[in-house]
Amino acid sequence: MAGVTLDTVRKIYAGNVEAVKGVSLGIEDGSFCVLVGPSGCGKSTLLRMIAGLETISGGEIRIGDRVVNQVEPADRDIAMVFQNYALYPHMSVYDNMAYGLRNRKTPKDEIERRVREAARILAIEPFLDRKPRALSGGQRQRVAMGRAIVRKPQVFLFDEPLSNLDAKLRVQMRVEIKRLQKALGVTSIYVTHDQVEAMTLSDKLVVMSGGQIEQVGSPSEVYRRPETRFVATFIGSPPMNILPGTVEGPGRVSVGGQVIAVTDMREGLAPGSAIEVGLRPEDVQAGGAPGASSLAMDVDFVEELGATQLFHGKVAGAEFVVQASTGQIAAETRKLTLSIDPGNVHLFDPQTTKRLGRV
Amino acid sequence: MVENRPFAQFMAYLTLVLGVIVVAFPVYLAIMASTFDAATIINGNMPLIPGDQAAENYTRTLFYGGKQAREPVAMMMVNSMVMAMGIAIGKIIISILSAFAVVYFKFPFRKTAFWIIFITLMLPVEVRIYPTYKIVADLGLLDTYTGLIMPLIASATGTLLFRQFFMTIPDELLEASKIDGAGAFRFFKDTLLPLSITTIAALFVIQFIYGWNQYLWPLLITTKSSMQTIVIGIKKMITTTDALTEWQIAMTTAVLAMVPPVLVVIFMQRLFVKGLVETEK
């Protein structure tokens with residue numbers, strides 16, 4: 001078991017494209033770290049550098065106390081689960097799992113024992129003699145995980161392992177991965193663009209964008225107190241609404257002339273300066289009478305999601321979405337009054353996009 | 001098509017049958033001719049049902065030399081077999097390795113190397129025959145199997161075929177085997193080779209027939225009759241200047257010459273199709 005430390009890790013591709021721009025990150029031993037971000041944010045590149053599949057252009061990667069910059073993937077004591085599973089199509093499930101051990105000259109009975117055990121844990125014992133093509137997507141995914149488990153590595157690396165599965169299976173496998181990781185206690189690094197996976201799986205959530213880390217924290221920290229506008233709009237579904245506003249005074253901002261109170265606001269912001277006001281669709285109380293700390297919304301259309309409804313429209317000229325329980329508000333409503341809890345308002349600097357909360 | 005139009009169907013079958021006859025009749029004629037004696041063939045009224053000379057013709061053709069210093073055809077078949085197998089297997093080995101290098105290794109001038117191989121497609125033996133002959137002669141390889149096989153081994157077609165196939169294999173497979181501790185050679189042996197079986201089978205069929213049917217090259221570099229291939233043998237049998245052509249022997253030889261390629265196609269086709277159906281990347 002070992003933690004993973006990244007120290008200003010860079011990846012520069014030919015043609016001076018900087019895919020990873022100096023990422024520093026400490027991943028504690030035994031924790032489940034999820035790298036999340038939109039495609040092209042460098043998360044997969046970072047994972048592949050940890051795996052040793054990409055060279056490191058700058059900085060240092062340590063697994064445990066060992067610097068692995070120049071170590072071959074096979075000698076880094078890691079195991080990786082790929083998006084398309086990357087099972088050897090011509091080998092049986094058993095051989096797929098045993099291959100890595102055989103290459104390491106593990107004794108035969110030891111291989112047998114480990115493969116059987118992994119198969120038992122993953123409930124794929126009946127398929128050991130089959131070829132991967134005779135398995136369903138979920139079963140293949142299990143075999144890919146089995147191949148990682150039998151190696152008893154220091155670190156598991158997952159590269160979007162669930163994105164080829166259908167929605168139902170994805171939820172099921174997500175739970176299984178989490179349970180397995182807790183049971184084995186192996187440090188895991190998991191790359192995904194799916195924020196639900198990211199939120200549910202991680203002990204430590206790393207949000208990336210443009211080759212840089214935007215925020216690191218527990219899933220609830222990241223959700224409750226996004227450090228940048230990017231994180232605010234990336235984590236959470238539907239995404240956070242961002243409205244243009246101006247500073248009125250301490251604890252008060254105005255949006256389109258309507259003043260709302262804010263709890264978490266940096267001191268010393270000059271009145272009249274521009275600010276971005278972030279409100280989560282689920283944090284806004286729709287309905288009720290206009291009053292202090294409320295916003296008027298013009299509704300364009302309504303999406304029915306079953307348990308909830310999404311009201312799409314405009315507040316102060318900007319796109320806005322509100323989530324409300326079904327039946328709470330009539331779907332024909334065209335004018336809504338939104339009451340805002342001061343504790344649920346997020347403020348961002350329009351220039352730097354950084355959070356303007358209390359220091 | 002679902003519609004039932006008897007006339008159209010009749011025409012379709014008629015066309016097919018005519019086509020088959022046009023292709024198959026000469027072959028049938030050759031097989032029939034190999035069962036008569038020379039006189040029956042030469043008088044111009046050869047019957048279209050089998051004669052009684054088959055056993056005699058085939059033993060004589062295969063195992064006994066003839067008048068015009070003819071070698072037994074069995075020996076020619078051995079020569080042809082060695083050449084065809086050598087060319088087919090050699091081509092497969094060379095081209096799978098060069099495709100492996102071109103696809104999986106990053107080295108300077110990789111693209112150039114590939115294009116140079118590709119360009120050789122434009123230079124078949126016939127075009128480069130003089131320099132090739134000169135080199136083979138200078139190396140003292142005239143009248144040897146090596147001389148027959150080696151110049152025909154380098155294959156742009158094969159390299160191209162394997163390259164295309166390798167490029168369809170997902171990179172993750174290579175990465176997975178890297179993590180599993182397999183080096184380049186292990187990856188080649190344990191993963192790439194087993195996955196390439198169908199491509200190898202396909203290439204083998206094509207190249208075996210290509211090698212078996214070689215005419216110009218063996219004609220040039222073999223002078224000893226003990227090195228004759230069967231294709232050359234047939235040619236020599238039917239262009240005798242001062243003796244009657246032994247048509248029954250020539251026809252028997254022609255039939256014999258057809259057998260190995262047909263066997264290869266029948267046998268390998270199965271593997272080929274089976275592999276195509278089963279393989280999944």
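The sequence lines fix the lettering, A, B, ..., with proteins before strands; numbering per chain opens at 1.
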Quiz item: Is the CD atom of Gln70(A) crowded by more than 12 outside heavy atoms at less than 6.0 Å?
Solution: no
Quiz item: Can you tell me if CG on Asp166(A) sees more than 12 non-hydrogen neighbours from other groups inside 6.0 Å?
Solution: yes
Exercise. Would you give the length of the straight line joining atom CG of Leu53(A) to atom CD of Glu172(B), rounded to the nearest 0.5 angstrom?
Key: 9.5 Å
Practice problem: Flag yes if more than 12 heavy atoms outside Phe109(B) fall under 6.0 Å of its CZ atom; otherwise flag no. | Solution: no
Self-check item: Interchain contact, Ala144(A) with chain B, by part (heavy-atom threshold 4.5 Å)
Solution: neither
Exercise. Report yes if some heavy atom in the side chain of Tyr85(A) is under 4.5 Å from a heavy atom in the side chain of Leu173(B); otherwise report no.
Key: no
Practice problem: Could you tell me whether the side chains of Asp180(B) and Tyr88(A) share a donor-acceptor contact shorter than 3.5 Å? | Solution: yes
Exercise. Would you confirm whether His90(A), through its side chain, and Asp190(B), through its main-chain N or O, come within 3.5 Å as a donor-acceptor pair?
Key: yes
Quiz item: Side chain, backbone, both or neither: which part of Arg76(A) has a non-hydrogen atom closer than 4.5 Å to chain B?
Solution: neither
Quiz item: What closest approach, in Å, do Ile179(B) and Ile78(A) show between heavy atoms, and which atom pair accounts for it?
Solution: CG2-O, 3.8 Å
Practice problem: Take atom CD of Glu72(A) as the centre, draw a 6.0 Å sphere, and report whether it contains more than 12 heavy atoms from other residues, nucleotides or ligands. | Solution: no
Quiz item: Asp75(A), Asn84(A), Asp159(A), Asn103(A): which one forms the most heavy-atom pairs within less than 4.5 Å of chain B?
Solution: Asn103(A)
Quiz item: When you look at CE of Met75(B), are more than 12 heavy atoms from neighbouring residues, nucleotides or ligands closer to it than 6.0 Å?
Solution: no
Exercise. Take atom CZ of Phe185(B) as the centre, draw a 6.0 Å sphere, and report whether it contains more than 12 heavy atoms from other residues, nucleotides or ligands.
Key: no
Quiz item: Of the non-hydrogen atoms in Ala176(B) and Arg147(A), which two are nearest, and what is the gap between them?
Solution: CB-NH2, 3.7 Å
Quiz item: Considering all heavy atoms of both residues, which atom of Ala74(A) and which atom of Lys178(B) are nearest to each other, and what is their separation?
Solution: CB-O, 3.4 Å
Quiz item: Between Glu175(B) and Arg48(A), is there a salt bridge with N-O shorter than 4.0 Å?
Solution: yes
Quiz item: Does any heavy atom of chain B fall under 4.5 Å from the side chain of Leu101(A), the backbone, both, or neither of them?
Solution: neither
